[in-house]
Number of protein chains: 2
Amino acid sequence: MEQHYLLLRKHIAEICELTDAEWDIVSRVFTYKSLKKHQFLIQKEQLVPCEYWIIKGLTKAYAIDGNGKEHILQFAMEQYWTSDFNAFQNKVPAAIFIDCIEDSEFFCLKWEDREYLCHEIPKMGHFFRIKSHHGYIALQQRILSLLIETAEERYNNLVKKLPKLIQRVPKKLLAAYLGVTRETLSRF
Amino acid sequence: MEQHYLLLRKHIAEICELTDAEWDIVSRVFTYKSLKKHQFLIQKEQLVPCEYWIIKGLTKAYAIDGNGKEHILQFAMEQYWTSDFNAFQNKVPAAIFIDCIEDSEFFCLKWEDREYLCHEIPKMGHFFRIKSHHGYIALQQRILSLLIETAEERYNNLVKKLPKLIQRVPKKLLAAYLGVTRETLSRF
DNA sequence: TTGTACCGTTAATTTTTAGCAACACAGATA
DNA sequence: TATCTGTGTTGCTAAAAATTAACGGTACAA
């Protein structure tokens with residue numbers, strides 16, 4: 001477990017170095033959670049108390065359309081943050097599901113604790129601001145790729161950008177992420 | 001001009017109330033800019049010194065693909081923020097263009113001033129964190145709509161959600177935003 | 001005024017993708 | 001062991017959208 005905390009500290013340090021005293025405050029508020037493959041981290045319609053930093057494992061965030069088809073918003077693996085950020089922030093029921101593609105472990109951060117950290121340690125406010133910014137940029141890139149590229153180009157770019165992810169994610173889920181059927185993906 | 005500053009203050013107050021002293025600090029750092037229809041706010045490959053709050057007017061943020069086709073990321077009108085946030089934050093050349101669909105006026109905020117405000121006035125850090133969060137959520141919704149809905153559904157939802165925007169934006173630009181050709185949009 | 005460029009629409013054709021069905025294969029289970 | 005379920009692939013057909021072309025309307029400039 002110590003090892004996990006060290007990794008989280010290192011993750012934060014990529015954006016801002018914390019003193020030992022500050023880290024003491026920060027590390028105290030995270031709680032640990034462990035889930036098996038196929039278990040839900042977040043279920044639609046339910047409140048979302050936390051955002052989650054992934055210690056180990058792999059999750060998918062997705063919505064189900066009127067025909068029961070799954071559409072994947074985000075894959076998240078080690079050192080990624082995941083949650084339904086809208087539900088989390090605005091204390092409304094979740095609009096999406098997040099479940100585990102592999103057995104996974106998380107550090108959980110409650111909204112009040114997040115606000116508390118931002119208030120107590122301005123550096124953490126900075127950290128979350130930058131993280132949020134990065135998330136925004138990633139989504140913007142994704143929209144551009146959905147608008148500009150063909151499904152095949154999207155697939156090739158994904159392979160180039162996150163080859164490790166490809167190996168861990170079944171192709172039918174990649175298809176649901178790229179916005180095509182698994183049959184279409186299979187023909188690339 | 002006083003009127004414009006009042007509107008900006010009101011816009012910020014929707015997230016956090018500033019004291020007169022704080023507002024004095026904040027208002028001081030914004031500069032004014034005015035552009036005519038078709039003029040560029042941001043050009044690809046160039047550095048992006050500011051993010052922009054729109055006092056009046058309408059802009060589009062877009063990328064050009066290999067075939068010279070335009071794909072629109074964002075329309076922004078009165079009281080919206082716009083910029084190439086990646087280029088702005090990381091001081092790298094812009095990946096997109098932003099130009100004016102109508103004559104437009106802006107308040108400009110430089111990166112250093114933004115950092116300064118966040119540092120001096122924690123409330124402003126809070127403000128930008130929340131704004132960024134909102135932006136993130138909007139993009140996430142957009143991705144879901146690109147993945148789940150047909151182009152026709154996307155169009156109808158846009159009409160329902162932003163009827164004013166529809167009236168101000170030529171249909172060929174709406175098509176570039178929805179991810180279809182103008183001929184396809186014309187058949188809905 | 002005439003010309004010119006752009007815009008929105010419609011039609012015909014082609015390309016792309018979805019939907020459905022069948023099948024091989026692997027891993028899990030009884 | 002035989003069976004069941006989920007996954008990835010392929011063939012065929014149907015639907016959706018892009019492409020190309022044409023046409024009328026409008027704004028703008030020479």
Side-chain angles (χ1 to χ4, degrees), chain A residues 36-40 58-60 62-72 75 97 99-103 142-159 162-163 165-188, chain B residues 36-40 57-60 62-72 75 97 99-103 142-159 163 165-188:
Chain A
K36 295 283 176 195
K37 189 172 170 174
H38 292 139
Q39 287 188 308
F40 285 100
L58 180 55
T59 65
K60 63 177 201 282
Y62 59 100
I64 310 260
D65 69 19
N67 303 316
K69 265 181 52 180
E70 199 174 296
H71 300 271
I72 296 179
F75 293 112
F97 299 90
D99 66 25
C100 301
I101 298 174
E102 304 172 357
D103 295 353
R142 174 112 187 261
I143 290 173
L144 277 180
S145 97
L146 283 169
L147 288 176
I148 293 180
E149 296 163 12
T150 65
E152 185 165 3
E153 289 169 333
R154 287 203 292 284
Y155 177 67
N156 291 331
N157 289 338
L158 190 65
V159 170
L162 294 171
L165 188 72
I166 309 301
Q167 288 160 3
R168 291 167 70 178
V169 177
K171 287 201 172 181
K172 67 169 233 167
L173 295 183
L174 289 181
Y177 177 83
L178 294 168
V180 292
T181 59
R182 66 177 204 277
E183 293 93 333
T184 298
L185 179 61
S186 180
R187 282 181 251 261
F188 291 158
Chain B
K36 295 283 176 196
K37 189 171 169 174
H38 292 138
Q39 288 188 309
F40 285 100
L58 179 56
T59 65
K60 63 176 201 282
Y62 59 101
I64 310 257
D65 70 19
N67 304 316
K69 266 179 54 179
E70 200 174 296
H71 301 272
I72 296 179
F75 294 112
F97 298 90
D99 67 23
C100 301
I101 297 173
E102 304 172 357
D103 295 353
R142 175 115 186 258
I143 290 172
L144 277 180
S145 98
L146 283 170
L147 288 176
I148 294 182
E149 296 163 11
T150 65
E152 185 165 5
E153 288 170 332
R154 288 203 291 283
Y155 177 68
N156 290 331
N157 289 338
L158 190 66
V159 170
L165 187 73
I166 309 300
Q167 289 160 3
R168 290 166 72 175
V169 176
K171 289 204 170 180
K172 66 168 234 166
L173 296 184
L174 289 181
Y177 176 83
L178 294 169
V180 293
T181 59
R182 66 178 205 278
E183 294 93 337
T184 298
L185 179 62
S186 181
R187 281 181 254 264
F188 292 157

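As the structure is a prediction and not an experimental result, all values here were calculated from the model.
Arg154(B) forms no cation-pi arrangement with Tyr177(B), by the criterion of a distance under 6.0 Å to the ring centre and an angle within 45° of the ring axis.
Every residue two or more places apart in sequence or in another chain that forms a side chain to side chain donor-acceptor pair (under 3.5 Å) with Arg168(A) is listed here: Glu78(A), Glu102(A). Contacts of Asp65(A) classified as side chain to side chain donor-acceptor pair (under 3.5 Å), with partners at least two apart in sequence or in another chain: His71(A).
For Leu147(A) against Leu178(B), the heavy-atom pair with the smallest separation is CD2-C, 4.4 Å.
Computed from coordinates, the Leu185(B) CG to dT9(C) P distance equals 8 Å when rounded to whole Å. In this structure, His38(B) atom NE2 and dA5(C) atom P are separated by 15 Å, rounded to whole Å. Between the CZ atom of Arg154(A) and the P atom of dT17(C) there is a distance of 8 Å, rounded to whole Å. We find that CD1 of Ile101(B) is positioned 17 Å from P of dC6(C), with the value rounded to whole Å.
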Practice prompt. Using a 4.0 Å cut-off on protein heavy atoms (strictly under), produce a 5'-to-3' string for nucleotides 13-21 of chain D with B for base contact, S for backbone-only sugar-phosphate contact, and - for none.
Written response: ----SSBBB
Worksheet, complete the sentence: Reading nucleotides 24-30 of chain D from 5' to 3' and marking B where a protein heavy atom lies under 4.0 Å of the base, S where only the sugar-phosphate is that close, and - otherwise, the string is -------
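Between Tyr155(B) and Phe188(B), the ring planes lie tilted relative to each other; the angle falls in the 30° to 60° range.
Within residues 165-172 of chain B, no residue has any heavy atom under 4.0 Å from DNA chain D.
Direction change of the helix axis from one end of the helix from dT1(C)-dA30(D) to dA30(C)-dT1(D) to the other is 30°, with five pairs defining each end axis (rounded to 10°).
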